[in-house]
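In what follows, a single structure is set out as structure tokens and then discussed.
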Amino acid sequence: MVTKEQVLEALRDVEDPEVHRSIVELDMVKRVEIRGDRVEVEVLLTVTGCPLRTTIERNVRERLLALEGVREVDVAIGTMTDEERAQFAAKLRGGREPQTLPPILKPDSGVTFLAIASGKGGVGKSTVTANLARALARAGLRVGLIDADIYGFSIPSIFGVPERKPTVINDLILPIEVSGVKLISMHFFVPENNPVVWRGPMLGKMLRNFFGEVHWGEIDVMLLDLPPGTGDIALDVHQLLPKSKELIVTTPQENAAEVAVRAGVMGLRTNHEIIGVVENLSYFACPCCNERSYLFGRGGGRRVAEALRTDLLAEIPVADLSDGRRAIFGDDTPQGAAYQALAERVIDRLGLRAATLSH
Ligand SMILES: Nc1ncnc2c1ncn2[C@@H]1O[C@H](COP(=O)(O)OP(=O)(O)O)[C@@H](O)[C@H]1O
Ligand SMILES: [Mg+2]
């Protein structure tokens with residue numbers, strides 16, 4: 001006959017699919033009963049109707065049936081009481097009080113921050129952020145993305161998940177996962193079509209919550225989609241993340257380049273290293289003959305890079321986004337290929353090669 005210890009040992013590598021931690025470690029296995037070759041377990045979930053219920057159920061069953069001496073398995077799924085849920089949230093926080101510095105902001109967190117900035121809106125900053133995040137995840141990094149454009153949030157729509165809602169366990173928020181990227185945005189917290197009317201201090205607090213109240217788990221690199229320009233929130237990010245690096249997005253146009261330099265200079269003044277410039281909407285390549293048309297002029301990206309004493313890391317071609325095509329570009333598109341190359345360069349500039357290889 002198996003013992004309770006063997007059962008728990010077997011269940012140790014069943015993870016909660018949302019928080020990526022062992023259900024045993026998180027005390028989610030409430031009851032284990034062994035009757036001859038029949039094992040009954042009860043697993044507690046945080047909320048009823050949790051969509052991950054069947055995944056957990058299946059994994060538990062598989063592990064237990066693989067044990068010698070077990071022929072029948074009965075998995076009951078229960079729901080945590082308020083008290084159990086509070087303990088669960090506390091466990092995820094690692095016993096930390098909500099007021100203390102979030103682990104992700106501690107200097108030894110091992111997380112590399114990269115803020116994506118532009119001088120003005122509409123140059124494709126969010127599109128670049130989303131596609132770079134996806135490409136970094138595909139290259140093997142564990143990627144987080146904070147949509148820090150608190151008024152102009154757009155990342156969930158770009159990823160095509162505007163209707164998803166993050167799971168909230170008491171006051172702990174789980175990020176949405178899409179294309180291998182863990183993502184949080186103001187979008188998830190405002191009712192539809194409600195303009196955000198909060199003032200500066202409130203917004204600053206929101207941003208802090210994105211670091212402190214969100215359970216990020218293990219992350220190698222955290223991208224931040226900054227609001228355009230050099231406003232309060234950008235300053236706040238600079239202050240919160242003294243070690244953050246920065247990537248500047250511009251288009252080839254003169255006016256966009258000019259203000260992009262200004263945004264970059266602000267980053268430099270606050271001692272944020274600029275790892276490079278991305279020029280978006282660089283050219284249109286004819287699908288028939290591949291001839292390039294420079295619809296928005298030429299040279300903006302290069303000029304920004306020179307002015308900020310850094311390099312132009314990518315030139316992203318114009319895509320056909322008619323007929324509701326999404327701006328997450330597949331690997332087989334010219335844009336997708338450009339983002340893969342950009343991700344490689346970003347990994348080098350951030351010194352993340354070793355992290356990519358380690359998992
Ligand atoms: N390479 C591209 N080709 C075609 N359209 C693009 C490209 N990059 C961005 N866009 C489109 O341009 C618009 C602005 O992009 P967005 O990423 O929202 O800019 P920002 O965040 O700088 O305001 C969006 O409609 C987006 O789909
Ligand atoms: Mg944007």
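Computed from heavy atoms alone, side chains included, the values below leave out hydrogens, waters and symmetry copies. What you are looking at is a predicted structure, and each value in this text was computed from that prediction instead of being measured. Whatever order the structure lists them in is the order used to number ligands and atoms, beginning at 1. The chain is numbered in sequence order, starting from 1.
- The main-chain N or O of Val73 is found under 3.5 Å from a side-chain atom of Arg61 such that the two form a donor-acceptor pair.
- Under a 4.0 Å N-O distance rule, the pair Arg345/Asp348 does not qualify as a salt bridge.
- Distances below 4.0 Å separate heavy atoms of Lys125 from the following atoms of ligand 1: 17 (O), 19 (O), 20 (P), 21 (O), 22 (O).
- By the 3.5 Å distance cut-off applied to N or O atoms, Asn280 is counted among the residues near ligand 1.
- At a threshold of 4.0 Å, the pair Asp311-Arg349 counts as salt-bridged, since one of the basic side-chain nitrogens sits closer than that to a carboxylate oxygen.
- One finds a salt bridge joining Arg303 and Glu254 here, because a Lys/Arg side-chain nitrogen approaches an Asp/Glu carboxylate oxygen to under 4.0 Å.
- Of the candidates Ala319, Ala338, Ala117, the one placing a heavy atom closest to atom 3 (N) of ligand 1 is Ala319.
- The backbone N or O of His272 sits nowhere less than 3.5 Å from a side-chain atom of Thr270 that would complete a donor-acceptor pair.
- Ligand 1 has Pro317 within reach: a non-hydrogen atom of the residue lies less than 4.0 Å from it.
- The distance criterion of under 3.5 Å between nitrogen or oxygen atoms is not met by Ala327 with respect to ligand 1.
- Near Val318, meaning under 4.0 Å from any of its heavy atoms, are these atoms of ligand 1: 3 (N).
- Comment: Glu57 engages Arg53 in a salt bridge, judged by a side-chain N to carboxylate O separation of less than 4.0 angstrom.
- Remark: Met222 CE to Phe211 CZ distance equals 6.5 Å, nearest 0.5 Å.
- Ion pairing of Lys245 with Glu273 is present here, as a side-chain N (NZ or NE/NH1/NH2) and a carboxylate O approach within less than 4.0 Å.
- Residue-ligand proximity, Leu321 to ligand 1, at heavy-atom distances under 4.0 Å covers atoms 4 (C), 5 (N), 6 (C), 27 (O).
- Checked by atom type, the side-chain pair Thr167/Glu18 shows a donor-acceptor distance below 3.5 Å.
- Close N/O approach between Val123 and ligand 1 is found [any backbone or side-chain N/O within under 3.5 Å].
- For Gly124, a nitrogen or oxygen atom sits less than 3.5 Å from a nitrogen or oxygen atom of ligand 1, counting backbone and side chain alike.
- Considering backbone and side-chain N/O of Gly122, one or more are found under 3.5 Å from N/O of ligand 1.
- For atom 2 (C) of ligand 1, the nearest protein heavy atom (residue, atom name, distance) is Leu281 CD2, 3.4 Å.
- Taking a distance limit of 4.0 Å, we find that atom 25 (O) of ligand 1 is approached by no protein heavy atom.
- Residue Thr127 has at least one heavy-atom neighbour below 4.0 Å for each of these atoms of ligand 1: 8 (N), 9 (C), 15 (O), 16 (P), 17 (O), 26 (C).
- By the 6.0 Å and 45° rule, Arg298 stacks over the aromatic ring of Tyr294.
- Checking atom 12 (O) of ligand 1 against the protein gives no heavy-atom contact under 4.0 Å.
- Heavy-atom distances between Ser118 and ligand 1 stay at or above 4.0 Å for every pair.
- For the residue pair Gln253 / Thr251, a side-chain donor-acceptor distance below 3.5 Å is found, with atom types taken as modelled.
- The existence of a salt bridge linking Arg325 and Asp323 is confirmed by a sub-4.0 Å separation between a basic side-chain nitrogen and an acidic carboxylate oxygen.
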Below 3.5 Å, can you tabulate the donor-acceptor pairs from side chains in residues 25-33 to any protein atom, sequence neighbours excluded?
unit_1	atom_1	unit_2	atom_2	d
Glu25	OE2	Arg21	NE	2.9
Glu25	OE2	Arg21	NH2	3.4
Asp27	OD2	Lys91	NZ	2.9
Arg31	NE	Glu42	OE1	3.4
Arg31	NH1	Glu33	OE2	3.1
Arg31	NH1	Glu40	OE1	3.4
Glu33	OE1	Arg35	NH2	2.9

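- Protein N/O/S atoms closer than 2.8 Å to the Mg ion (ligand 2), listed by chain and residue number, are Ser126 OG.
- Annotation for Arg63: atom CZ counts as buried by contact number, over 12 foreign heavy atoms lying within 6.0 Å.
- Considering backbone and side-chain atoms together, Gln335 places no N or O closer than 3.5 Å to any N or O of ligand 1.
- Proximity to Ser126 (heavy-atom distance under 4.0 Å) selects the following atoms of ligand 1: 17 (O), 20 (P), 21 (O).
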